[in-house]
Amino acid sequence: MVASAEVRVARCGGSRINFIEPIITLDSRFLLCASGDAVHVYSTSTEERVHVLQGHVDLVTGLRLNSSNHLQVYSCSLDGTVKLWDFTDGILIKTYIVGHKIFSLYVSKFHEGTVFIILPMESSANTEAFQLVALHLPKTTGPEVEARDILSVLRDVSPIPKATSFGRGGEFVASASGLQLSVYFFRKQKTYRFSLKANDKKGARNRFTCVASHPNDDCIATGHEDGKIRLWRNFSQKKEYTYSTEHWHHSAVNALHFTPEGTELLSGGVESVLVLWRYGAGSKKDFVPRLGSAIEHISVSPDGSLYCTSHKDNKIVVMKSSRDISAIIQGLVKGETIRTDLLIDPRTKALVCNGKPGHLQFFSLRHDKQLYNLDIVQQEYIHEAGLHQCEVTKAAIDAQGSWLATVEERQENPEELDIILKLWAYDESTQSFHLNTSISMAHEGQISAMCFSGDAEATMLVTTGRDGHFKAWLLADHPDAQGEGASWSCDYVGSYHRREPTRCCFSADGSLLAVGFGEVVTVWSPSTWELLVTFSQPPGDIRDLCFGRLSCSKYLLGTTTKNLLCCWNLLTCSLEWSSTVDVILLQPDPLSENMAAFSRASGSTDLFVFKPSEPRPLFSQKAVCSGTVRRAVFAPREEVLEGCDESTQWLSCSRLYFLTEHMELMTFSTKSEEDQIIASSKQLVIDDSVAVTPFYLLLGKHRKSQRETQDSVSSHTAARIQLPQGSPAIRELLHTPAHVLPSASFLCNMFVNSLLISKSGVREDGRCREEEMGSEEEEEAEEQESEGEMEASVSAQGPAVQGFQTEPTPQLSKAQERELRKLQKADFSWLSSLLDS
Amino acid sequence: MASYKATRIPSFPRLGEKVTQDTLYWRNYKTPVQIKEFGAVTKIDFSPLSPHNYAVTASTRIHIYGPYSQEPVKSFTRFKDTAYSGTFRSDGQLLVAGSEEALIRLFDVSGRVALREYTGHSKAVHFTDFSADRFHILSGSDDYTCRLWDIPSSAEVSRYSEHTDYVRCGTPSRLNPDVFITGSYDHTVKVFDSRKERSVMTMDHGQPVESVLLFPSEGLLVSAGGRYVKVWDMLKGGQVLVSLKNHHKTVTCLCMSSTGQRLLSGSLDRHVKVYSTTTYKVVHNFDYAASILSIALAPNDDSIIAGMTNGVLSVKHKKHPEDRKMVGGTSRHRPAYRVFVKGKNYMPKQDDFLVRKREKAHLKQYDKELKRFQVSKALDSVLKPHVRLKTPEVTVAVIQELNRRGTLKNALAGRDEKGLSILLSFLIRNVVDSRFAPILLTVAEMVLDIYMKVVGQSAVVDKQILKLQELVEKEIDYQQELMEVLGMMDTLFATMTAKKEAAALCLVHFSTNHCISKLSKKIQKGG
């Protein structure tokens, strides 16, 4: 950290939500899944994230509902703790410190006060060995408890959570590891081990991948690498066990799960088809096909009404048992590689990059949520290993966000290359991109770079191909009778001494085009297609090219493969300066003159931020991440960050995001920014007691201002701050679901009264208490009366009502009144605390 | 759960002429009715009266046809030599015609014998017409004169001998009974006023004038002669407004559409061109079998009639929407409208529980098979005659999809003689199509690989393979020739600094050529 400790590299959103199997709560309203070192609580019906349970400091590896209290959930993490949460409120209840890395967590209904976890075996030097242990949770109070009461159950188990399963009534636990299935019976305290041969006759691969136990039958289902599912029975004897085999999957079974009633067995794999096997009906099965991506985990809600599959593309699909999709929770899709650049959509400020195969994803960085997927390839995706798929290799968006250009490529062998250049127009009415032009074989070779001109009037696209040409594409109008509008066509084909173009770049105003041919940079005028000037700094081919912005627009920057960063002055047509840095990535900030350069240095990557006109870098940081940086992009901020000093000035209007070698999305955050976030979150905590509804926001503001005026009024009288006495009623009004409230005209009177401020604070307070006391008595009296005696109850109310001549109580129905009063009673504590303060 | 994505059929850019509003309008005519006349048809004139009969002057006769008749409803045959320029009067009662025998004859349309004969010209009269006041006849003759005759007295009113060559065409002004215009082989177009002794305006066309035409407003004059059609501005004293050179042989006739927005010109090059009178660009083109001598458009453009040198009269009637309805309505009984809307126009009430029926996406047969991974069946379904002949792009798209899935070989294999011969005939038909060549060459290679062993067992298949080889060899020769041409063009282009698209074109040809020659080697090896 050379420059300052003010700027920090932070991980930003988009972590995996498909790491472990998600769980659905007992009432099927929420879905919990681990995401990095936090647990996210989603609503199963609206896909909205309700809570984030933060507390673990390392990857969360296990998540189970507390069997004794269905509103609590256990989570375990590699940081060696098991935590108990209340997920409805997002509160951490308890932390049990185990002290070892925990790889998995199980809870059995029949083992109260105990959880089962998988730990590495300490005794052996072999770090690959793991054991399943029972952890007795101490009943001591306090937020942090040491839990050391460990009892080993099974040794040599697989650390993968889905390879272990608890059987009927918690009688046994089955765990598979490699080619061996171990079953431990708690009552007999005996372990049976069943082994399969490594290779069967027909070249089958018998390694176990996952295990599931039938909830109320002695049956264990195991999935295998070759796609077979074996159903084991009679395994309480060492010799006489049997199994039957079902085979549908063509490659490994990734997940198995029984429904709670045990009528169906769900399985999934690479085929991205959810197979529902009917239990006890042979090989009868149903399919839910085309789920989009390989299935990693399957889970079923405790009442069996919801099935949930998590997929390889960071997606969780929730479907009803009728096989209708009810929700799709999609995180940032991260494949092994990213072929496209990171782009920012100027309209939504969303990050655009490769998503699902053949798609582009639009990911909102601000909300850490995928906005939508754009299907580029528009072909049926065949889930098969070794098949050459069509891939989106390049994408570019013009400055206004009205045109998107994509290149898709499919290469089976060096001779057969399919390239399609597609141009998408933004449609205002549907708020998405629509295919306008599709050009097959736009270049004879691969397209190496693509960029839009910044000119707003006449948008131009330039592509450079491995065939030694660069082509300019223009939107041309073809007035046809078929009613087809404007489409793109080739305007110019250029080349330079039969060299291969590698990079292209437009100046900010679109008046100059720079194309790098090998080690030569050529500058063209797009209006006349005249070669204006060439620059060359041999040896070393051009790796990146970009024009300076704003006040530095007279500079052209280039990096070469031979560790050189050059800056040419376009006015004098000469080299302004150069320095020997191995820059792997050069990224201009669209909103300022700044340039970010990532350079490689012994196993890590350094960052320099500089202005082309100034010799000294604005900011530099050594070792921003280990390994290389794949892609980077500047994203504009929603609002300009204030209070930046000199070293963080470059982060004031845009943020720099980058993708590391391990496909992690990182960003730079300043200290002041973080402070702001913390402050705002504190503020949120205070306000958390009241549900934040639009109504609340409206009223809250009003109340706050009222409080302030009251403050000023009552300060000299030294009286306590007096809240409107009707506030419990308002609260009740805000908290009661709309469908049980009486009509608005009915409530209006009460509401207005509640907002009236009485003059004498002390007396009012007493009266308020009186009122509440009175109402309590009334309620008791009412409860004694039978429901039918309406008139009697009204007459009983009579005197009480007469007591408050100043505020006429609106005529409420009995049930409503009771409800209101109940709430008044509930709010007593709040009122007393206010009085105390 | 995403739904199945149907196979995308790429749409290829349509080559040739663009479809515009004009093409649609002028294409909306039925196939022409051909009527054989005795000689070259020199003049066609429509009657201004309602059934709009038309008089056709050919050889020694003038036939009058009804609008939809193929036989003449009336004919005037009392000519001893070739008749010319049979023209109706504006009330449709009288018809005048000149002839090779230097006579002008006036007929009653309902009669048979000529009412009057006007003698005075010394040579053949090629142009006759009525003046706008209906009482005079204009004529132009090969004796270089044009004359004005009084109809009732058969007397010559005036004579103009300003032209120095044959007067072959002319037109009276519709607005002024005294003004008429003549065109002559002395390259001039002259405007005469019968109140004056001499011509009032002379325009030099530059070629022998074959036809003149006044715009309905009579502010503009069109003259045709040689390969040119020229438009003159009368109000600016006969300045040339535009000169059109779109025919490559002499333009013989002119005609105006009923709205006055389109100008038609027929030529000896067998084309009729349609010009827009606002831009003077060719908006449409008709092709005929022989050189065109005369052309006429019925009022409302209901029919286009062209007369040709070989004596054929081509009549094209406009398609009317009622015609089609009459044909379709009688033959098929369709279900009533309410059958289609049954149950769909029910408005749900407030408390109704709505159960939506899932929209079922309609998939084509080949997509259904592809969805089930039945690759051979999918290929079979697109090799059915109506698909492979009418929409080969669908067949090729499915083949491409199979190739993408890596199952093309499986789909091609295991065919019997009949199936294979269908496949080969499809290849023979389409393999040299530049749109399909890349993928079909792969298919051809695969087919040869798979069925190499069975060559020689079936005469039909062997014959087709030989045919394929021949075709491919021919294509190679053709490509080679093209390469030579491109080489020549390159030398020309090299001198120019303009765009270098030719180079890209060259590359395309080179790559296809390469593929094809590879395939040819393979066939030779197999055969």
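Chain letters run A, B, ... following the sequence lines, proteins first, then strands; residues in each count from 1.
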Q. When you look at NZ of Lys312(A), are more than 12 heavy atoms from neighbouring residues, nucleotides or ligands closer to it than 6.0 Å?
A. no
Q) How about Tyr478(B): does its OH atom have over 12 heavy atoms from other parts shown lying under 6.0 Å from it? A)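 No - once you tally the heavy atoms of other residues, nucleotides and ligands closer than 6.0 Å, there are 12 at most.
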Q | Inter-chain contacts: residues 367-376 of chain B against chain A, heavy atoms under 4.5 Å | A |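 Checking residues 367-376 of chain B against chain A gives Lys371(B), Phe373(B).
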Q) Of all residues at least two apart in sequence or in a different chain, which pass the side chain to side chain contact (heavy atoms under 4.5 Å, CB included) check with Thr279(B)? A)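 Only Ser276(B), Lys281(B) meet the side chain to side chain contact (heavy atoms under 4.5 Å, CB included) criterion with Thr279(B).
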Q | Lys5(B) side chain near Gln378(A) side chain, heavy-atom distance below 4.5 Å | A | no
Q | Side chain, backbone, both or neither of Val273(A) within contact of chain B (heavy atoms, under 4.5 Å) | A | neither
Q. What are the two closest heavy atoms between Ile420(A) and Arg8(B), and how far apart are they?
A. CD1-NH2, 4.1 Å
Q.
Salt bridge check, Arg404(B) against Asp418(A): does any charged N sit closer than 4.0 Å to a carboxylate O?
A.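 Not counted as a salt bridge, because no side-chain N and carboxylate O are separated by less than 4.0 Å.
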Q) Between atom OH of Tyr4(B) and atom CZ of Arg290(A), what is the distance when rounded to the nearest 0.5 Å? A) 8.0 Å
Q. Thr7(B) versus chain A, heavy atoms under 4.5 Å apart: side chain, backbone, both or neither?
A. neither
Q.
If I measure from the heavy atoms of chain A, does Asn403(B) come under 4.5 Å with its side chain, its backbone, both, or neither?
A.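 For Asn403(B), backbone and side chain are both near chain A.
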